[in-house]
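When reading the values below, keep in mind they use all heavy atoms of this one structure, side chains included, and skip hydrogens, waters and symmetry mates. Here is how names work: the chains are called A, B, and so on, in the same order as the sequence lines, proteins then strands, and each is numbered from 1. Predicted model, so just to flag it, every value in this text is computed and none were measured.
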Amino acid sequence: MAFSAQDIPNRFDFSISPKIYEYWESQGFFHSEPDPSREPFTIVIPPPNVTGALHLGHALNNTLQDVLIRYKRLKGFNTLWIPGTDHAGIATQAVVERRIFEQEKKSRHDLGREELVKRIWDWKDQYEARILGQLKRLGSSCDWDRTRFTLDETCARAVRRTFFDLFAKKWIYKGKRLVNWDTFLQTAVSDDEVFHETTDGNFWHFKYPVIDPKPGEPKYVTIATTRPETMLGDTAVAVHPDPEKALNTIEAELKEKLKEAPGKEKAGIQTQIEEIQARRESMLPQLIKLRDMALEGRKLMLPLVDREIPLVADQWAKPELGSGCVKITPAHDPNDYEVGRRQDLPMINILNPDGTMNEATGEYIGLTIPQARKMVIEDLEKLNLLDKIEDRKIELAYSDRSKTPIEPYLADQWFIKMDELAQSAMDAVKDGRVKIFPSRYANGYIDWLSEKRDWPVSRQLWWGHQIPIWSQECAYKEDHDKMVAKLESDPDIKSGKVKFQVERDEELEAAEKIGTIQGAARVTMPYSQIHVCIAEEDAALATRYEAMGFVREEDVLDTWFSSALWPHSTLGWPNKTPELEYYYPTSTLITSRDIITLWVARMVLAGINNMGEIPFREVFIHPTILDGLGERMSKSKGNGVDPLDVIEKFGADSLRFGLAYLTTETQDVRMPVQFECPHCQFLIDQTKKNRQQPRIECKKCGKPFSTQWAESAEDKALPRGAIVSERFELGRNFCNKLWNAARFTMMNLEGFEPGTVSADELQLEDRWILSRLYTVTQEVSRCYESYGYADAARATYDFAWDEFCSFYVEMLKERFQDEKQRPVAQRVITYVLDCMLRLLHPIIPFITEEIWQTLGKIAPTRGLESLTDATESIMLSTWPEIDSKWEDQSIERQFAVFEETLGSLREIRSRQNIAPKDTIEFVIRCDEPTAKLLETMSPYFLSMANAKSSGLGQKVEVPETNATLTVGSMEIFVDLKDFIDVEAEIDRNEKQLSKLQQLVVSKEKKLGNESFVSRAPADIVARERESLDQAKQELERTEAALARLRESAAK
RNA sequence: GGGCGAUUGGCUCAGUUGGUUAGAGCACUACCUUGACAUGGUAGGGGUCACAGGUUCGAAUCCUGUAUCGCCCACCA
């Protein structure tokens, strides 16, 4: 049975999208192989974390990549989009650990390393499948044959090789550093994984006794803290070395600020100055005395642990704050740590990894931080050493992963030296080898890198790339010398497969002072540590070194370490693959702004280091998706939206179109969403309260429904409330419009015969739509090349809806009725539709494919001046190349006259409240060329405005009762004898008149201004004159029309 | 504290190097089930472009300041 266009439904069934996707995939359309005869265009996906599911931010990110890839594919590039996922170290381990704890009440220590890692792999398999499924539903045309995972073998080799290389360059070192310790996960987390929250807290003031105070000297020194338990690790109290000068400086600065400050702030600053002045009176003598005591080397007695600690002079102490003295806890506070380094203070770690007090705290051992805090306060109070307690808002650091408070903690960490690496990445952007769009984001990138802070890469985790270092301590010099000699003659070290390093620099010398103090005794430091790094995974080799006494480093690498290698590791590095040769450097990277430093910068430096070449030529930073309250969508906030929810309800094309439409250069995307009650369709705004709720009760009908967060079987059994937003309605409506325009076209292709069309067969509207098609194609092309997604979406939307549908299709309705005109009309509209589908395909691939294939059944051979057979799939087609000869400004101007005339006729109809079924008659007074033009368009006035022309030209018979409208130099008179509502017409004309009067006045004023006429460019002045003349003409005519109307009203 | 960005009709956003009467979608009003499409059509109402100065013949657009919001970085005994 032959296919009939009459059977096309009036809705696109977007639920067939997965089938279309399967077809593409099975045909291998997404797959790319190196082909030196073609130019490659390559994108590597920002690998989503396998932590969970994707949200709209990912949908945006991947839509933008797919749009670009599909555009370039049509443009003839050999496109490769490499997909993959990220193991996301801490995030994933934390999620799985938490889940295991919830379900089995087991910690990772109960399971052991091997078992936990296995469990996480299971989780990864499950979520990776889900994520890749989501990407497919979205339409992402990734080359799935090349899917990578940052923890797979290829990536592992790349990580290993890179680490080894950096080790060989001596850019890897070990150091004791203060880290943000997550006591729940028992790992260090990076600054980026810490968030701060203001909470109500206290500020405790303690008194430390001075040992053997001399007469006139204070018996106590007062210090204050928000973390009392840390006093157990205090190793000094600091006072400023020159408190007087410091106070003077502060006062001078404040006075300077006072001069510049806006009135509102003046009072506050004045108060501060007064406080400083008061302090000089009340406290300065005491501070100077304490400073002198510090210089003398006097000591204080640290209560509770009874340890002598020095009073030191250090600029960290701020004489303008508190008591002017500050307790120093080097092992648990970043600033105190610096003081400790400067003043050569011991650093006493008081915490066990699990956050309880260790043996250094004496009788407090085993207590948790809150317990220790309480006890320390009580004990000090008993000793009468608690001075006072203040209420105060304090900012507490929390781990983003476990949501528990962070403790600053001194731990062994591996670092990467960043000087050269950071410099290379800065240079790449500064000299334009890597271009960042929008360019303002380059600043943050440069600033961050220019700090060249060393990168702490070790994580106390089990999920990740284990650091390929084996170490051993040499207690004595003899052991050390022996081992070094052995290693130097080691065959694998000689061959370069293995490198070793001795750690015995000043860092370690200093470490002697850093050694943990147990009671009063110091732990002796070994003479040296020797580290061995093995280039490749090699069990035999590892065993050999282990037999020599080396022990493998337990920590794994920061997850960004493997992410940094992504552009080349995905292409097979360190092997010299044909893919690397052909696809590297990749073309562009599309990502969000929060990881410019963490990820983008590190990829650049890693690419340069490993490949000697930048990883991508361009970086496009896309907007962030915010919720209705203007907050960033994120999993932790629970305001994320599952793209599948949107796809179910609106279709992937609508989602993609909506997202592309919003991707402008400067703005983030605000996306207010609602739940739609499946029972009564009532819309419920997503709020802070109902975020992440597995079930919601409808506010209107009271019935419960499930959401995307439903997990229990009970919740899942409820009807699902979809997430909706007007954002997606825009796309859905547009797709519907396009579908039906195509449906109309195909329904009118009966008897279609392929054939060329010669220029003289074309009607005005054909030439017009071809001219517009040419212009729009150029414009959309330009938009895609410059990441102008919103502009591309808008341009195609306007063309398809306002020009193709509202005018061209409407006009062809007439021509399709005419046997003689039909063939040309069919060929032209088919050609235009064909091109339009290709313009739209990058954004809305499913619907354009479906239409393309249907059209292929009806009109398999098509074209304008030459014919070609349409490809089976739109994906095998090419970007439309419209002949520039179709661009015709004069045709577009002529068409504009028609549009305006049509608009005027419709306006009069509407003002006069004329029923659509009633035909009106009109005459137009105009010049001959215009008359000729409008003559040919008169059938369209009838079909599109139900208005019949009864005279066009300079000499027309003006109907007695009429409504008049002036358009340019034309006057349109509509015969209203059967319809006239004189009052309405007078009303309209009066409004028009006052508008025109205002306009004329403002123009006359402008042109009367001597300096405007003499200084503005001539063409601007001429244009103003012209428009004034026109306005005056219209004014006259409107006045005349009004006079006539009043006359007839008087009758 | 430093940096970046935003502020345009009720809502969400466009607005190219300054130049006719500032646009769109949604919402709103009126009319319309017309053989592509009511997820539609036609017409309409609604904005002194955050505020104050300045530059200019001319400012939503450029400059300065203020306010509010957001993001990034640093810091916080």
Side-chain angles (χ1 to χ4, degrees), chain A residues 8 10-12 191 196 203-205 223-227 230 238 262 264 316-318 321-323 325-329 333-336 394-395 438 440-441 443-444 447-448 451 593-594 596-597 624 626 628 630-632 650 654 661-662 664 666-672 725-727 729-748 790-791 794 797-798 805-806 809-810 813 903 906-911 913-917 943-946 995-996 998-999 1002-1003 1006 1009-1017 1019-1021 1023-1024 1026-1028 1030-1031:
Chain A
I8 301 172
N10 68 353
R11 292 278 181 273
F12 169 53
D191 290 346
H196 296 266
F203 203 37
W204 286 270
H205 296 253
I223 52 87
T225 180
T226 54
R227 298 190 297 156
T230 61
K264 223 173 123 182
W316 168 238
K318 302 277 185 290
L321 292 177
S323 67
C325 297
V326 56
K327 67 193 265 302
I328 303 296
T329 322
D333 180 279
N335 293 299
D336 292 4
I394 50 170
E395 284 233 327
R440 72 189 121 94
Y441 291 118
N443 297 336
D447 290 349
W448 186 79
E451 288 180 28
R593 104 175 76 88
D594 49 330
I596 295 174
T597 50
T624 306
L626 310 174
E631 289 184 48
R632 206 189 135 76
F650 297 95
S654 307
Y661 193 85
L662 292 166
T664 58
T666 50
Q667 294 268 12
D668 280 343
V669 175
R670 198 180 276 219
M671 182 84 65
S725 170
E726 81 177 41
R727 290 296 203 250
E729 282 171 22
L730 177 84
R732 182 198 56 185
N733 295 353
F734 176 64
C735 289
N736 181 250
K737 191 73 179 174
L738 178 71
W739 177 261
N740 278 289
R743 176 168 174 254
F744 167 82
T745 304
M746 292 189 279
M747 284 166 72
N748 284 286
D791 291 338
R794 279 165 219 267
Y797 179 96
D798 292 346
C805 291
S806 296
V809 163
E810 288 302 322
K813 281 178 181 171
R906 285 169 166 174
E907 188 187 334
I908 290 170
R909 291 194 69 106
S910 173
R911 291 285 183 189
N913 235 331
I914 298 168
K917 58 179 188 299
S943 67
M944 297 169 76
N946 202 3
K995 236 181 181 175
L996 284 165
Q998 272 176 28
L999 188 65
S1002 86
K1003 297 242 173 246
K1006 199 170 193 181
N1009 183 341
E1010 172 51 31
S1011 51
F1012 171 70
V1013 179
S1014 61
R1015 303 177 93 141
D1019 58 321
I1020 299 288
V1021 178
R1023 208 202 300 168
E1024 279 302 301
E1026 208 176 300
S1027 86
L1028 175 62
Q1030 200 168 310

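- Judged by Watson-Crick or G-U wobble contacts below 3.5 Å, the nucleotide C51(B) has G65(B) as its partner.
- Across all their heavy atoms, Asn10(A) and Asn740(A) have their closest contact at O-ND2, 3.2 Å.
- C32(B) atom C1' lies 12 Å from atom CG of Asn946(A), rounded to whole Å.
- The pairing partner recorded for C4(B) is G70(B), the criterion being a Watson-Crick or G-U wobble arrangement whose two distances lie under 3.5 angstrom.
- For the atom pair CZ of Arg1023(A) and CG of Leu1028(A), the computed distance is 14.5 Å after rounding to the nearest 0.5 Å.
- Asn10(A) places its CG atom 11 Å from the C1' atom of A38(B), with the value rounded to the nearest Å.
- Pairing for A14(B) is absent, with no Watson-Crick or G-U wobble pair whose two atom distances lie under 3.5 Å.
- A36(B): no Watson-Crick or G-U partner with both key distances under 3.5 Å is found in any strand.
- Note: CG (Asn740(A)) to P (G35(B)) measures 13 Å, nearest angstrom.
- Going from the C1' atom of G9(B) to that of C49(B) covers 10 Å, rounded to whole Å.
- With rounding to the nearest 0.5 Å, the separation of CZ in Arg743(A) from CG in Asn748(A) is 11.0 Å.
- Residue Arg732(A) comes nearest to Ser654(A) through the heavy atom pair CA-OG, 3.2 Å, listed as atom of the first residue, atom of the second, then distance.
- Judged by distance alone with a 3.5 Å cut-off, no donor-acceptor contact links the side chain of Glu451(A) to the base of A74(B).
- In this structure, the nucleotide among C4(B), G19(B), U21(B) sitting nearest to the side chain of Arg1023(A) is G19(B).
- When heavy atoms are screened at a 4.0 angstrom cut-off, Asp1019(A) is found touching no nucleic acid atom at all.
- Distance OG1/Thr624(A) to CZ/Arg593(A): 3.5 Å, rounded to 0.5 Å.
- Using P as the reference atom, G3(B) and G65(B) are 11 Å apart when rounded to the nearest Å.
- Comparing atom distances between the Thr664(A) side chain and each of A14(B), C71(B), A43(B) picks out A14(B) as nearest.
- Contact between the side-chain N/O atoms of Lys1003(A) and the OP1/OP2 oxygens of U21(B) is found at a separation under 4.0 Å.
- The partner of A59(B) is absent, by the rule that a Watson-Crick or G-U pair needs both atom distances under 3.5 Å.
- One atom, CZ of Arg732(A), and another, P of A38(B), lie 12 Å apart when rounded to the nearest Å.
- Classification of Lys327(A) and Asp333(A) as a salt-bridged pair fails, no side-chain N sitting under 4.0 Å from a carboxylate O.
- If you check distances only, the side chain of Lys318(A) never reaches the base of A77(B) with a donor-acceptor pair under 3.5 Å.
- For the C1' atoms, the distance linking A24(B) with U68(B) amounts to 26 Å, nearest Å.
- The side-chain heavy atoms of Arg227(A) and Trp204(A), taken from C-beta on, include no pair separated by under 4.5 Å.
- Interface remark: the Arg909(A) side chain does not form any donor-acceptor pair with the U42(B) base, using a distance-only criterion of under 3.5 Å.
- The partner of U20(B) cannot be assigned: no Watson-Crick or G-U wobble pair with both contacts below 3.5 Å exists in any strand.
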Exercise. Going 5' to 3' through nucleotides 24-31 of chain B, assign each nucleotide B (protein heavy atom under 4.0 Å from a base atom), S (under 4.0 Å only from sugar-phosphate atoms) or - (no protein heavy atom that close).
Key: SBS-----
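- Across all strands shown, the partner of A43(B) is U29(B), judged by Watson-Crick or G-U wobble contacts whose two distances both fall under 3.5 Å.
- At A36(B), none of the side-chain N or O atoms of Arg743(A) fall inside 4.0 Å of OP1 or OP2 (strictly under the cut-off).
- Note: NZ (Lys1006(A)) to C1' (C57(B)) measures 9 Å, nearest angstrom.
- Between Asn736(A) atom CG and U39(B) atom C1' there is a gap of 5 Å when expressed in whole angstrom units.
- Using a 4.5 Å heavy-atom cutoff, the side chains of Asn736(A) and Phe12(A) are not in contact.
- One can place CZ of Arg1015(A) at 13 Å from P of U55(B), the figure rounded to the nearest angstrom.
- Among the nucleotides G19(B), C57(B), U20(B), the one closest to the side chain of Glu1024(A) is U20(B).
- The distance from atom NZ of Lys1006(A) to atom OG of Ser1027(A), rounded to the nearest 0.5 Å, is 8.5 Å.
- Computed from coordinates, the Lys995(A) NZ to G45(B) C1' distance equals 11 Å when rounded to whole Å.
- Pair check for A77(B) finds none; no Watson-Crick or G-U wobble contact set falls under 3.5 Å.
- Checking U20(B), A43(B), U21(B) against every side-chain atom of Leu999(A), the shortest atom distance belongs to U21(B).
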